[in-house]
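Heads up: the structure comes next, in structure tokens.
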Amino acid sequence: MAHQPQRGGGGNDRNRRDNRNAPVEGPDSDIVEKLVHINRVAATVKGGRRFSFAALMVVGDGKGRVGFGHGKAREVPEAIRKATEEAKKTMIKVPLRENRTLHHDGSGRWGAGKIMMRAAPPGTGVIAGGPMRAVLETLGVQDVVGKSTGSSNPYNMIRATFEALKVQSSPRMVASKRGKKVADLMGRRNDGASAPEAVEG
């Protein structure tokens, strides 16, 4: 009988561990994690070289939020965990048109990395490769055409892609900055599109 409280205490410990993990799994249940690149690095120390691993991760919720992070550790799983935590802390919100593509074309540059992205009609799919594809898929983009015209370094490509995504703006955001209504902007776009047809006719 004297040992029953101890067994109960062990159960409470397990419950506490479960409760401690529950908040972490809840908000991140929709987060998609992708390993973009992992590299073995070496530091020269007294007595030889010390090896460690550097991981580059991209995370997103598939609904317009995405982030990336870099982590380094002696073991691969620990490096991935550090990179994932950093990526979740640096997530940005990107407006999407019809929850499937970008609102407008864009380009980004970081160092020697240069990329361009174009909005695409339904059914196009994600036409992009490497790190850029990982970012766009975790972001939730379904139709887009992307191309890298600079360095193939994954770190530069990721940062260049995020520079292009940061300047994405929706008609609502533009209307609020100009103090106008969305209908006014869309009407002006339609008028501009119909003007050349009238001239040609």
Side-chain angles (χ1 to χ4, degrees), residues 13-94 96 102 106-117 125-168:
D13 291 340
R14 285 193 296 270
N15 293 335
R16 281 196 294 269
R17 285 195 295 270
D18 294 341
N19 293 335
R20 180 184 59 198
N21 293 332
V24 177
E25 296 174 357
D28 298 338
S29 59
D30 296 334
I31 297 296
V32 179
E33 304 172 359
K34 288 198 175 187
L35 176 62
V36 176
H37 183 72
I38 190 162
N39 186 34
R40 191 180 75 166
V41 296
T44 302
V45 296
K46 184 178 180 180
R49 291 187 296 175
R50 180 181 301 169
F51 293 98
S52 59
F53 296 90
L56 178 62
M57 292 288 296
V58 173
V59 302
D61 61 357
K63 302 175 182 177
R65 295 178 66 237
V66 67
F68 76 97
H70 171 258
K72 186 166 66 173
R74 298 291 298 275
E75 301 294 336
V76 173
E78 182 65 13
I80 293 176
R81 185 190 64 81
K82 289 182 178 180
T84 303
E85 289 183 355
E86 180 181 342
K88 291 178 180 179
K89 293 178 182 178
T90 60
M91 294 180 72
I92 63 173
K93 180 70 174 178
V94 180
L96 298 179
L102 304 175
S107 61
R109 180 171 183 173
W110 185 278
K114 294 184 290 183
I115 64 97
M116 57 83 63
M117 295 182 296
V126 179
I127 302 178
M132 193 193 315
R133 184 183 187 89
V135 174
L136 295 173
E137 287 181 345
T138 54
L139 177 62
V141 178
Q142 301 174 13
D143 303 297
V144 69
V145 177
K147 184 175 179 61
S148 172
T149 59
S151 170
S152 60
N153 182 293
Y155 293 90
N156 286 340
M157 287 182 64
I158 288 285
R159 289 183 170 91
T161 303
F162 271 78
E163 290 299 313
L165 293 175
K166 287 178 182 178
V167 298
Q168 283 287 316

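These values consider heavy atoms only, across backbone and side chains, with no hydrogens, waters or symmetry-generated copies. Given the structure is predicted, the values throughout are model-derived calculations rather than measurements.
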What I want to find out is whether Lys88 reaches Glu85 closely enough, with some N-O distance under 4.0 Å, to be called a salt bridge. no
Mind listing the closest non-hydrogen atom pair of Ala83 and Ala55 along with its distance? CB-O, 3.6 Å
In short, Ser52 meets Ala73 closest at the heavy-atom pair CB-O, 3.2 Å
Taking side chain as C-beta onward, heavy atoms only, is Glu33 less than 4.5 Å from Ile80? no
Has Lys34 got a side-chain atom pairing as donor or acceptor with Val58's backbone, closer than 3.5 angstrom? no
Checking the side chain of Thr90 only, and the main-chain atoms of Phe68 only, is there a donor and an acceptor separated by less than 3.5 Å? yes
Can you name the closest pair of heavy atoms from Ala87 and Met57 and give their distance? CB-O, 4.2 Å
Pairwise distance CG(Leu56) to CG(Leu35) - rounded to 0.5 angstrom: 8.0 Å
Between the side chain of Asp61 and the main-chain N/O of Ile31, is any donor-acceptor distance below 3.5 Å? no
Taking the side chain as every heavy atom from C-beta outward, state whether Leu96 and Leu139 have any pair of such atoms under 4.5 Å apart. yes
Quick check for you: to the nearest 0.5 Å, what is the distance between Asn153 atom CG and Ile158 atom CD1? 10.5 Å
When every non-hydrogen atom of Pro131 is compared with those of Met157, the smallest separation belongs to CD-CE, 3.9 Å
Arg74/Glu78 ion pair, N-O < 4.0 Å: no
If we ignore hydrogens and angles and just use 3.5 Å, is the side chain of Arg40 paired with the main-chain N or O of Phe51 as donor and acceptor? no
Other residues, nucleotides and ligands only: do more than 12 of their heavy atoms fall within 6.0 Å of NZ on Lys72? no
Do Met117 and Leu165 pass the side-chain contact (heavy atoms from CB on, under 4.5 Å) test, and can you show the C-alpha distance, the side-chain angles, and the key distance before you say yes or no? CA-CA 9 Å; Met117 295 182 296; Leu165 293 175; 3.7 Å; yes
When you compare the side chain of Val66 with that of Ile92, does any pair of heavy atoms fall below 4.5 Å? yes
For a quick test of reading the model, state the closest non-hydrogen atom pair linking Val126 to Arg133 and the distance between them. O-NH1, 2.6 Å
Verdict with reasoning, Asp30 to Lys63, per side-chain contact (heavy atoms from CB on, under 4.5 Å): CA-CA 9 Å; Asp30 296 334; Lys63 302 175 182 177; 4.0 Å; yes
Please check if the side chain of Arg109 supplies one atom and the backbone of Lys114 the other of a donor-acceptor pair under 3.5 Å. no
Residues Ala54 and Tyr155: closest non-hydrogen pair is CB-OH, 4.2 Å
